[in-house]
Amino acid sequence: MNIPIKTLANGFSLPVYGLGTWQMGGRWEADISQDEKEIHAIQHAIEQGITHLDTAESYGDGHSEELIATATAGYDRSKLFITSKVSGNHQGYDDLLRSCEASLARLETDYLDLYLLHRFPDVGTDIKDTMRAMDRLVDEGVVRNIGVCNMTVSRLKAAQAATSNKLVCNQLHYSLDCREIVDKGILEYCQQNDVFVTAWGPLSKGALEDAVILHEMAEKYGKTPYQVALNWLITQQNVITIPKTSTPEHLDENLGALGWELSPEDWHMLADEFPGQVSTSNRVPLDYDADIEP
Ligand SMILES: NC(=O)c1ccc[n+]([C@@H]2O[C@H](COP(=O)([O-])OP(=O)(O)OC[C@H]3O[C@@H](n4cnc5c(N)ncnc54)[C@H](OP(=O)(O)O)[C@@H]3O)[C@@H](O)[C@H]2O)c1
């Protein structure tokens, strides 16, 4: 299927649904035991029309990137959109350039469509040096677009102030049960400033499976709870998502989130009444104490 795309006012586009790959190829260390299954899952996703593949140098200590290289070897690179990320402890000027080169080598490609700071640089690294390295990568053409992850409004402003290249996305934990970015004004800021919010962790398995209201809504629309949960995200301005699945049947199910919309009343009912909502991510809580102004 053709995955719908969203386009920012500045002209940058992303498909509303991409494939996440955290835990494909291991967690923080490489695990090759599931390689065949993961390669098949990535290829199945591409066959179903997915073009955006999201990875990071830290996923499986680089092995997720290697899996993407193997899985995509037979496909036209120009039709794929590959995002990778540089870890917070590799964001000094030289370190960042080295990280990008290593990601490109593992991905067996000569450019990244999108390169993200996985978080704000570690203490001791000046964001200006970080962004200078990102700018150089853009100037050299090895990175086509740049963005960030897990940044509060003030950190996003500080990162943007340090580069003349537009930061096109802020990748953040956002789901029916994790509302930190709404409560802290990050979603609204991104919407008002022409930045995509790429929702990671969109499927909180237990929360989705236990929520009666979600099952009722799914029944009303003839959809599954996972499809409703994803639809709830992508109907929002500037929000796209990147669920991870290594199970082809799950991918097929998740794609049923596309091509229809919850009514505004039902969208609001889910927003208001979904049980167990939290205002702080239980996975990557954002660091407000360290907030800085540019
Ligand atoms: N920037 C950041 O700091 C950051 C942080 C975390 C994640 N991310 C990115 O965001 C992506 C998505 O986040 P995530 O992987 O943490 O969480 P997620 O996509 O919300 O959840 C993935 C889990 O949901 C399961 N799943 C998917 N579809 C399903 C379905 N239809 N029915 C039942 N289970 C289903 C998957 O199992 P199966 O594999 O068996 O389907 C997997 O266990 C990551 O893979 C990564 O690329 C970025």
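Remember, it's 1-based here, ligands and their atoms both numbered in the order they're listed. The figures here come from the full heavy-atom set of this structure, side chains too, leaving out hydrogens, waters and symmetry mates.
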Legend entry - Heavy atoms from other residues, nucleotides or ligands near CG of Asn2 exceed 12 (cutoff 6.0 Å): no

Legend entry - ligand 1 atoms in contact with Thr245 (distance to a heavy atom under 4.0 Å): 27 (C), 38 (P), 39 (O), 41 (O)

Inset, instruction - Please confirm whether Ser204 comes within less than 3.5 Å of ligand 1 when only nitrogen or oxygen atoms on both sides are compared. - result: no

Legend entry - Backbone or side-chain N or O of Pro202 under 3.5 Å from ligand 1 N or O: yes

Inset, instruction - Could you check atom 25 (C) of ligand 1 against the protein and tell me its nearest heavy-atom contact, residue, atom and distance included? - result: Lys205 CE, 3.7 Å

Legend entry - Pair Arg144-Tyr115, side-chain donor/acceptor within less than 3.5 Å: no

Inset, instruction - Considering heavy atoms of the protein only, find what lies nearest to atom 46 (C) of ligand 1 and give residue, atom and distance to 0.1 Å. - result: Tyr59 OH, 3.3 Å

Legend entry - Asp252 CG to Met1 CE distance, which is reported to the nearest 0.5 Å: 10.5 Å

Legend entry - Arg77 and Asp110 ion-paired at < 4.0 Å: no

Legend entry - Carboxylate-amine/guanidinium proximity below 4.0 Å for Arg136 and Asp139: no

Legend entry - Glu253-ligand 1 polar pair, N/O distance under 3.5 Å: yes

Legend entry - Least distance between heavy atoms, His215 atom then Leu208 atom: NE2-O, 3.6 Å

Inset, instruction - Give the atoms of ligand 1, by number and element, whose distance to some non-hydrogen atom of His118 is under 4.0 Å. - result: 1 (N), 2 (C), 3 (O)

Inset, instruction - Could you tell me whether some N/O pair between Cys149 and ligand 1 is separated by less than 3.5 angstrom? - result: no

Inset, instruction - Have a look at Gln171, Glu38, Lys37 and point out the one with the heavy atom closest to atom 1 (N) of ligand 1. - result: Gln171

Legend entry - Nearest neighbour in protein (non-hydrogen) for atom 12 (C) of ligand 1: Ile242 O, 3.1 Å

Inset, instruction - Among all protein heavy atoms, pick the one closest to atom 40 (O) of ligand 1 and tell me residue, atom and distance. - result: Thr247 OG1, 2.7 Å

Inset, instruction - May I ask you to check if ligand 1 and Pro243 share an N or O to N or O distance below 3.5 Å? - result: no

Inset, instruction - Please report which non-hydrogen protein atom sits nearest to atom 10 (O) of ligand 1, along with the residue it belongs to and the distance in Å to one decimal place. - result: Trp200 CB, 3.1 Å

Inset, instruction - Tell me which part of Asn254 gets within contact of ligand 1: side chain, backbone, both or neither, using heavy atoms under 4.0 Å. - result: side chain

Legend entry - Backbone N/O of Ser204 and side chain of Asp177: donor-acceptor pair under 3.5 Å: no

Legend entry - For Asn150, atoms of ligand 1 separated by under 4.0 Å from a heavy atom: 1 (N), 2 (C), 3 (O)

Inset, instruction - I would like to know whether Lys85 and Cys149 meet side-chain contact (heavy atoms from CB on, under 4.5 Å); could you show each step before the answer? - result: CA-CA 9 Å; Lys85 315 182 191 86; Cys149 305; 3.8 Å; yes

Legend entry - CD (Glu140) with more than 12 external heavy atoms under 6.0 Å: yes

Inset, instruction - Using heavy-atom distances, let me know which of His173, Gln23, His250, Gln227 sits nearest atom 30 (C) of ligand 1. - result: His250

Legend entry - Value rounded to 0.5 Å, distance of CG in Leu67 from CZ in Arg106: 12.0 Å

Inset, instruction - Report, in ascending order of atom number, the atoms of ligand 1 lying under 4.0 Å from any heavy atom of Lys85. - result: 1 (N)

Legend entry - Ser246-ligand 1 polar pair, N/O distance under 3.5 Å: yes

Inset, instruction - Please verify whether a non-hydrogen atom of Arg283 lies at under 4.0 Å from ligand 1. - result: yes

Inset, instruction - Could you grab the distance from atom CG of Leu230 to atom CG of Leu255, nearest 0.5 Å is fine? - result: 9.5 Å

Legend entry - Closest protein heavy atom to atom 17 (O) of ligand 1, given as residue, atom name and distance to 0.1 Å: Gly201 CA, 3.6 Å

Inset, instruction - For the pair Lys6 (side chain) and Ile234 (backbone), establish whether a donor and an acceptor sit closer than 3.5 Å, ignoring hydrogens and angles. - result: yes

Legend entry - Cation-pi, Tyr174 ring and Arg179 (6.0 angstrom, 45 degrees): no

Legend entry - side-chain contact (heavy atoms from CB on, under 4.5 Å) between Ser64 and Trp22, worked out: CA-CA 7 Å; Ser64 158; Trp22 162 236; over 6 Å; no

Legend entry - Nearest non-hydrogen protein atom, atom 47 (O) of ligand 1: Asp54 OD2, 2.7 Å

Inset, instruction - Write out the residue and atom name of the closest protein heavy atom to atom 22 (C) of ligand 1, then the distance separating them to 0.1 Å. - result: Lys244 O, 3.4 Å

Legend entry - For Trp22, the ligand 1 atoms whose distance to one of its heavy atoms is below 4.0 Å: 16 (O), 44 (C), 45 (O), 46 (C), 47 (O)

